[in-house]
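For reference, the structure is listed below as structure tokens.
Chain naming here is simple, since letters A, B, ... match the order of the sequence lines and numbering starts at 1 in each. Given the structure is predicted, the values throughout are model-derived calculations rather than measurements.
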Protein chains: 2
Amino acid sequence: MARASGCSVATVSRVLAGTRPVGADTARRVRAAAEELGYRPNHAARALRSRATGTVGLVLPQITNPFYPALVRELTHALHAEGRAVLLADCDDDPVAEAGYIDDLLARRVDALLVVPADERRSRDAVAAAAARVPLVLMDRGCGPGVADSVAVDNSAGMALVLDHLAATGRRRVWFVGAEGTASAAAERRAAYAAGAAVLDEGAAGRIALGDFSVAWGRAAVDLVWEARPDALVCANDLIAVGALQRLQQLGADVPGDVAVTGFDDIPMAALAAPGITTVRQPVPELAAEATRLLNQRLAGGEEGPQRAVRLAPELVVRESSGPRPTAAGDERGAEAAPGDRRGPAEAPGRATRVPAPRQVTGPE
Amino acid sequence: MARASGCSVATVSRVLAGTRPVGADTARRVRAAAEELGYRPNHAARALRSRATGTVGLVLPQITNPFYPALVRELTHALHAEGRAVLLADCDDDPVAEAGYIDDLLARRVDALLVVPADERRSRDAVAAAAARVPLVLMDRGCGPGVADSVAVDNSAGMALVLDHLAATGRRRVWFVGAEGTASAAAERRAAYAAGAAVLDEGAAGRIALGDFSVAWGRAAVDLVWEARPDALVCANDLIAVGALQRLQQLGADVPGDVAVTGFDDIPMAALAAPGITTVRQPVPELAAEATRLLNQRLAGGEEGPQRAVRLAPELVVRESSGPRPTAAGDERGAEAAPGDRRGPAEAPGRATRVPAPRQVTGPE
DNA sequence: CTGAAAGCGCTAACAT
DNA sequence: ATGTTAGCGCTTTCAG
């Protein structure tokens, strides 16, 4: 390769890696030779010498959780755009497996790690240890204070958007169907509801049912709260909302006529449910961009700066599940009864109204 | 490290890599020293020397397609279990991007590639070129004959399960709602329907509507076929089925009372729709196991054996969308009316019946 | 069974 | 701006 371009191996290296200025002529010759010979630099050798693999580890709790595919998509695209490759690990919600994967990724000399911790507490040690070795950004979920940089949606702002919307559309007997635990999504959404619900109705802040982030819990929760005849169910994520919606329909309730249902995350299923579920959309592309920005900052030498906790503002997506209650007694099919909803024969069940992000918060943790 | 265990670096290497027999005593000393020093072998150096990175590239057309997360999960687990790591690439359904990712993965010296090609035709050149350089297994979709080993579900067997089920439950005016194109899933499912539908009704084989694999097409298709008053819609995948179900409910049709709906793939949404969608479950763990098995076979030296096309038998999952038609005019909510379906207050909308895999086909392409 | 030494392909220092 | 050289950390001959 050096021979083919008529210069030294060092020059070839400098052209291809762009580490140092090279004569324009020489550079062109080298590139031509590379093209001709189909030369591909050996990343293993490069990694060995330069102590950087151009590789980032992505550790997820459960790829089958419908929120993560979109995140993975944005992250891989963002990282590939800067020439990095992504090593993926799925730890099946098991912090022990997670620790093993993190260990393996470090042995493979990833330049950095992106971690969505499986468990707020039990992931902490492994994450903290890893963060001491390479730049590490926590995503979506926290892992205790002071562990690493983190990027997540502003759960409080999201919940506020929901409560404002419900207030504006006249809902008063609101219940929160959330998840137990100290994980950030569960705790923050719960707290934000408790803090904001009093505006709707003085009792609303206390009307809270807690389970986990699953469809099954959504179904079960309806049985717990339905006899209190709520006019809105604020669910802590979309899976819960899907379950609640199903059970309400089973019971013959009209959504949104009798009761509104809202979710959180805007997973694909939220749009596809019938009626479509009003939810809080996480700014996934922005989350990915922010995470890679933090990573690059650390990789570029900001090793010892203060830890950053970036919170991005979400957006409310209004769909039929929280639409206006029919003034007259409509037909039994709820959302189907709303007139003017249909623009064409086979259109999506309804157009979503989007309330844009009101603010963006960034600051030390 | 050699110093700490009191022997040479060569011996250390032999213990850790297990390449050659080593004295039991020495081995123990080395392992103890490794533990103590927290020694982690450097994969980059190992890769450089041994020309194997212990890494597999996984190239997907769209991670956000709800069928793939489960596949990714099983593949990563299977590969990690044998000490390999997975480099993930999502090419956003773009064959040009796909070629770029494949190129990058090869430059990174992946030991092998797993590819779900984005396009039956336009992915072919890049895949064939890659297959000439490393072991490569095609998954889920084909890429023309003779390109590489492949693993996929037996689409014909799956369609036969659906048609048998519909025949057994008395459906006759059946329509197929499929997808155009030559991609294996589209073409094989379409062909299998055409071949098997005549048993139901002499006209059934001709009742075919073609669009793409989307929810939107499912909705649109209903408008095309509904005036013919079908008693069953056989959809080529679950997304189409979800769309069809939505539009049927909008139109006030009773599913399964008036019309049964079936899907294909068993994505999570199929179970969560209301009524749950009867579908053909792809044997995802087995697909993953089979793909890794083929890969290992090639990596172990079977470089030049004949190409293998493995087809695994699917399983029919019967849910409410194809349940028996109510004998009397039940209430309007279709599946909800079936008595004895409810075991407890908040149970899933219904129990699924599973028809196990009838056969498994393996053979040269 | 173990040790000594060569070298995988590249980049970083250093020299020019 | 370019060439020369050493060596990244490991595995693998080749001797012993």
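- A salt bridge links D103(A) with R40(B): the closest approach of a Lys/Arg side-chain nitrogen to an acidic carboxylate oxygen falls below 4.0 angstrom.
- Spacing between atom CG of L48(B) and atom P of dT11(C) amounts to 12 Å, rounded to whole angstrom units.
- Distance R20(A) CZ to dC14(C) P: 11 Å, rounded to the nearest Å.
- Between the base of dG3(D) and the side chain of R14(A) there is a donor-acceptor pair shorter than 3.5 Å.
- Atom CZ in R109(B) sits about 9 Å away from atom P in dG9(C), given to the nearest Å.
- Whole-Å rounding puts the R108(B) CZ to dC10(C) P distance at 14 Å.
- Map R49(B) and V22(B) each onto its nearest nucleotide of DNA chain C; the residue landing nearer the 5' end is V22(B).
- With respect to the salt-bridge test (charged N to carboxylate O, under 4.0 angstrom), the residues R108(B) and D104(B) qualify.
- Side chains of H77(B) and D92(A): a donor-acceptor N/O pair is absent below 3.5 angstrom, by distance only.
- At the phosphate of dT11(D), neither OP1 nor OP2 sits under 4.0 Å from any side-chain N or O atom of S50(B).
- In this structure, R51(A) does not reach the dA12(C) phosphate: none of its side-chain N or O atoms is under 4.0 Å from OP1 or OP2.
- Distances were taken from every side-chain heavy atom of A45(A) (C-beta onward) to each of dA1(D), dG9(C), dG9(D); the shortest belongs to dG9(C).
- OP1 and OP2 of dC1(C) both lie 4.0 Å or more from every side-chain N or O belonging to T26(B).
- D140(A) and Y68(A) share a donor-acceptor pair across their side chains, judged by distance under 3.5 Å alone.
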